[in-house]
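Remarks on the structure that follows.
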Amino acid sequence: MSGILECNGLSKRFGYVPALDNVTFSLGAGRIVGLLGPNGSGKTTLIKLANDLLVPTAGTVLIDGKPPGKETKQVVSYLPDRMYFDNWMRVRDAVGLFAEFYEDFDAAKAGDMLSSLRIDAVTPIRSLSKGTKEKVQLALVMSRRAKLYLLDEPIGGVDPAARDFILGTIIRNYNEEGTVVISTHLISDIEKVLDDVIFLNAGRVERVSAVDDIREREQKSIDEVFREVFKC
Amino acid sequence: MLSKLIKLEFKATARTFFFVYAALIIITAVNLLIFPWDSLSDPVPNILQGIVMFLYIVAVIAAGFVTAALVITRFFRNMLGDEGYLMHTLPAAAEQLILAKFITSIVWSVCTGALVALSILAFGLRTGVMSQIRATLDSWQTLGYSVGSWEIGMIGLVFVSAAAGILLIYAAMAIGPNLLKNKVGGSILAFIILAVGAELVSVPVGQIFAATGTEAGLIASILKADSATAGAGGFFESAAGIDLINQSVPLALASQYAISIIIGVVCWFLTRYFLKKKLNLA
């Protein structure tokens, strides 16, 4: 049976610079997976390849058995590491856009999340603070009943309180039959919610393992193992 | 999906065009109302008239500028900038994304062109210039020139050339990030390369049409007739001359159509290829 996200010999080079080198792994459904690695390890490149934002130099990436394309975009909910809404939009326009383009979008859920954040639907997105914009984006991404959530650095660059909110939002709202991939280098904040981890280093997979296996076998936290693996 | 994308494009751009068009309509109307057309020869125009006329010219230029700027920036920011992270992850094919932007750009370009043309037409009617132009065209028609079909052909050519121009700009922007790290610089470089390429395409295509001999024959006949038939109605009023021109103009138009269509089709496939296979938003 094919996994929800499968990489086979996946490589990506930018000119002569390798960003990913022969990456192979498979993720099953219903898991929360940490894509962990230091800056420049290839996390964002891997997520972009799965989103059809880059084309592999070699190897394949399959989402639910299909190469990235129009069909897979219907089942992947992607949170990039930047703001992607147009300046003319109000919050309600962004909600409307998701409702129009994604069949699995739950507008009521998005409305509830935005209300709990006290964000008015008529507010122009450009007038929101950076942190609030990120929360709006996360609320919309997590309001989809997707098969695969690809979240690129969702807790990077935010304060600890906001990290708790973001992780809480992810855990409370994801489709439990789907898989969540969270890329980050802030391990200690995130390890309590993870089922599996993938360690990426300089474009290569160092380790793919269940979190419980690591804890049992090595009697260490993921953060400790990460520090050992990526020791400078 | 395409209709949803087009709707999104119009929603994103309509507000800007609404203000530009409203400004153009208001300034045209004010100009038509207050300008004393019977004193056009007055060497010292009223300051107010001068200001209103200046504003009118600015509004006409601004309408064209805003249209061109929006065609470029909308594609650049929405497909190659941060907004591309949303657009390229919508469940739509790359062709649909390009087509939605292309159709919207064409519609706005036609609207701007039509509005500016109507505005100038209104001035022309007010001053009587239009009736003079019409009378000249009618006299050509009476002589036997196919003026009506030329007019339709010219309007169509403006439309096709504009479409090819938009696709050339899209292709330049899609290729640009692959040429230089600086996307704007790369796009300008790609535009120059494509524009030179388009010129290179136009030469052989023009030669194919010229090879019929009609254009060469026309030029030779005009040169000959100028000296031989001067003062006797001239070449342009002779049956042979009218026949030759009636044959040549459609050929010249057809060659321009062919050049624009070739450029447009090549640029469409280039844009599609680079957005599908060479996309790099970083």
Side-chain angles (χ1 to χ4, degrees), chain A residues 12-15 17 19 40 44-45 47-57 63 67-90 92-94 96-105 124-125 133 137 140-141 144 146 148-150 152, chain B residues 1-19 66 69-70 73-101 104 174 177-181 186 272-282:
Chain A
K12 178 67 187 176
R13 300 177 77 91
F14 294 104
V17 183
T44 296
T45 300
I47 287 179
K48 281 186 179 181
L49 285 163
N51 275 296
D52 201 24
L53 294 173
L54 289 173
V55 177
T57 308
I63 314 289
K70 193 177 163 184
E71 275 184 67
T72 65
K73 289 170 188 175
Q74 286 171 339
V75 298
V76 175
S77 194
Y78 169 49
L79 182 77
D81 58 350
R82 62 196 69 211
M83 292 299 103
Y84 59 27
F85 287 121
D86 208 337
N87 268 340
W88 66 269
M89 285 183 173
R90 293 175 186 274
R92 68 178 174 206
D93 295 316
L97 187 148
F98 266 63
E100 188 136 39
F101 284 94
Y102 297 113
E103 286 175 12
D104 59 7
F105 181 69
I125 289 180
K133 281 181 192 169
Q137 210 159 280
L140 295 179
V141 166
R144 289 182 58 193
L148 178 62
Y149 299 85
L150 294 172
D152 194 1
Chain B
M1 185 54 67
L2 182 62
S3 59
K4 287 178 185 175
L5 289 166
I6 291 172
K7 188 176 148 195
L8 178 67
E9 287 304 310
F10 276 118
K11 215 170 168 185
T13 49
R15 196 175 311 168
T16 308
F17 282 106
F18 173 79
F19 286 117
V66 168
L70 225 67
T73 57
R74 182 79 193 143
F75 188 91
F76 193 79
R77 285 171 44 195
N78 209 236
M79 300 287 269
L80 302 163
D82 286 353
E83 291 161 23
Y85 285 82
L86 176 62
M87 293 309 293
H88 291 289
T89 50
L90 292 175
E95 293 86 350
Q96 291 174 318
L97 295 175
I98 305 165
L99 200 56
K101 294 210 162 18
T104 318
N178 293 278
L179 294 182
L180 297 176
K181 221 168 186 179
R272 180 173 163 269
Y273 172 77
F274 277 90
L275 288 185
K276 274 181 101 161
K277 304 288 182 192
K278 300 283 179 187
L279 181 68
N280 184 6
L281 299 176

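Letters go in sequence order (proteins before strands), and every chain restarts at 1.
The nearest pair of heavy atoms linking B:Arg74 to A:Trp88 is NH1-NE1, 4.2 Å. Listed here is the closest heavy atom pair of B:Ala93 and A:Lys70: N-CD, 3.9 Å. Minimum interatomic distance between B:Leu90 and A:Lys73 (heavy atoms only, all atoms of both residues): O-CD, 3.3 Å. Scanning all heavy atoms of the two residues, the minimum distance from B:Thr89 to A:Tyr102 falls at O-OH, 3.1 Å.
Atoms OH and CG, on B:Tyr85 and A:Asp81 in that order, are 6.0 Å from each other to the nearest 0.5 Å. For the atom pair CE of B:Met87 and CG of A:Leu53, the computed distance is 12.5 Å after rounding to the nearest 0.5 Å. Rounding to the nearest 0.5 Å gives a distance of 11.5 Å between CG of A:Leu54 and NZ of B:Lys278. Note that the CZ atom of A:Phe101 and the CE atom of B:Met1 stand 6.0 Å from one another [nearest 0.5 Å]. A distance of 11.0 Å separates CG in A:Asp86 from CG in B:Asp82, rounded to the nearest 0.5 Å.
Residue A:Phe85 touches chain B through both its backbone and its side chain, counting heavy-atom pairs closer than 4.5 Å. Of the two parts of B:Ala92, only the backbone, made up of N, CA, C and O, holds a non-hydrogen atom closer than 4.5 Å to a non-hydrogen atom of chain A. B:Lys11 touches chain A through backbone and side chain together, each having a heavy atom under 4.5 Å away. Both the backbone and the side chain of B:Leu5 come within contact range of chain A, judged by heavy atoms closer than 4.5 Å.
Look at A:Asp52 and B:Lys276 and you find no salt bridge, because none of the NZ, NE, NH1 or NH2 atoms lies under 4.0 Å from a carboxylate O.
Other residues, nucleotides and ligands contribute more than 12 heavy atoms inside 6.0 Å of the CD atom of B:Glu95. The neighbour count for B:Phe19 CZ, taken as heavy atoms of other residues, nucleotides or ligands under 6.0 Å away, does not exceed 12.
Put simply, the side chain of A:Tyr84 does not reach to within 4.5 Å of the side chain of B:Asn78, judged on heavy atoms.
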> Would A:Val55 and B:Leu279 count as a side chain to side chain contact (heavy atoms under 4.5 Å, CB included) if you check the C-alpha gap in whole Å, the side-chain angles of each, and the deciding distance to 0.1 Å?
Replying inline: CA-CA 8 Å; A:Val55 177; B:Leu279 181 68; over 6 Å; no
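Side-chain N or O atoms of B:Lys4 include one that pairs as donor or acceptor with a backbone N or O of A:Glu100 at under 3.5 Å.
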